[in-house]
Amino acid sequence: QVQLVESGGGLVQAGGSLRLSCAASGITFSFNVIGWYRRAPGKQRELVAFIRRDGSTDYADSAKGRFTISRDNAKNTVYLQMNSLKPEDTAVYYCNPIGSNIWGQGTQVTVSS
């Protein structure tokens with residue numbers, strides 16, 4: 001059974017940083033393209049960043065220069081380092097093997113102004 005567990009969210013002031021983690025069981029992250037998504041209240045789900053099997057990465061324009069996605073193969077965990085956070089980054093963040101219907105419970109990020 002595949003399970004994803006996101007963690008690391010919280011309440012932070014604008015300009016602050018958070019590091020999100022997504023730990024997996026039942027699936028090997030390095031064999032998949034893994035994305036970080038977010039869903040803000042009243043908005044559609046947005047792909048924020050993803051990491052390919054070869055470790056290359058790509059980002060939404062809203063995340064470029066501020067967010068960094070990375071992967072630890074030994075821990076089978078993907079991270080999202082978020083710096084210079086803005087109130088508009090407030091959302092529930094989820095990781096997902098892109099193309100799958102595998103989702104965790106998400107982790108709430110709230111950025112106060």
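Quick note: numbers below take in every heavy atom, side chains included, and nothing from hydrogens, waters or symmetry partners.
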Will you find, in the side chains of Glu88 and Ser62, an N or O donor that is under 3.5 Å from an N or O acceptor?
no

Is there a chain of hydrophobic side chains (I, L, V, M, F, W, Y, each step under 4.5 Å between heavy atoms) that links [X] to [Y]?
X     : Y      : value
Val33 : Ile69  : no
Val92 : Leu85  : no
Leu80 : Leu11  : no
Phe50 : Trp103 : yes
Tyr79 : Val48  : no

Distance-only, no hydrogens or angles: does the Thr90 side chain make a donor-acceptor pair with backbone N or O of Val111 under 3.5 Å?
yes

Is the backbone of Ser25 close enough, under 3.5 Å, to the side chain of Asn76 for a donor and an acceptor to pair up by distance?
no

Hey, are the side chains of [X] and [Y] touching, using non-hydrogen atoms and a 4.5 Å cut-off?
X     : Y     : result
Tyr37 : Ile98 : yes
Phe29 : Thr77 : no
Leu4  : Cys95 : yes
Leu20 : Met82 : yes
Cys22 : Ile34 : no
Gln81 : Ser70 : no

Identify the heavy atoms of [X] and [Y] that sit nearest to each other, and give their distance.
X     : Y     : value
Leu18 : Gly8  : CD2-O, 3.8 Å
Ala91 : Arg38 : CB-CB, 3.7 Å
Asn73 : Ser30 : OD1-CB, 3.5 Å
Ile27 : Ala24 : CG2-CB, 3.8 Å
Arg66 : Ser84 : NH1-O, 3.0 Å
Pro87 : Ala14 : CD-CB, 4.1 Å

Are more than 12 heavy atoms, taken from residues, nucleotides or ligands other than Arg52, located less than 6.0 Å from that residue's CZ atom?
yes

Interatomic distance, [X] atom [atom1] to [Y] atom [atom2] [nearest 0.5 angstrom]:
X      : Y      : atom1 : atom2 : answer
Ile102 : Gln1   : CD1   : CD    : 10.5 Å
Arg39  : Glu46  : CZ    : CD    : 11.5 Å
Leu47  : Tyr94  : CG    : OH    : 14.5 Å
Arg53  : Thr28  : CZ    : OG1   : 12.5 Å
Asn96  : Arg45  : CG    : CZ    : 7.0 Å
Gln3   : Gln105 : CD    : CD    : 8.5 Å

Quick check on the 6.0 Å ring-centre criterion: do Phe67 and Trp36 meet it?
no

Report the C-alpha distance between Lys86 and Asp89 in whole Å, list the side-chain angles of each, state the deciding distance to 0.1 Å, and finish with yes or no for salt bridge (Lys or Arg N to Asp or Glu O under 4.0 Å).
CA-CA 5 Å; Lys86 304 175 181 180; Asp89 295 317; over 6 Å; no

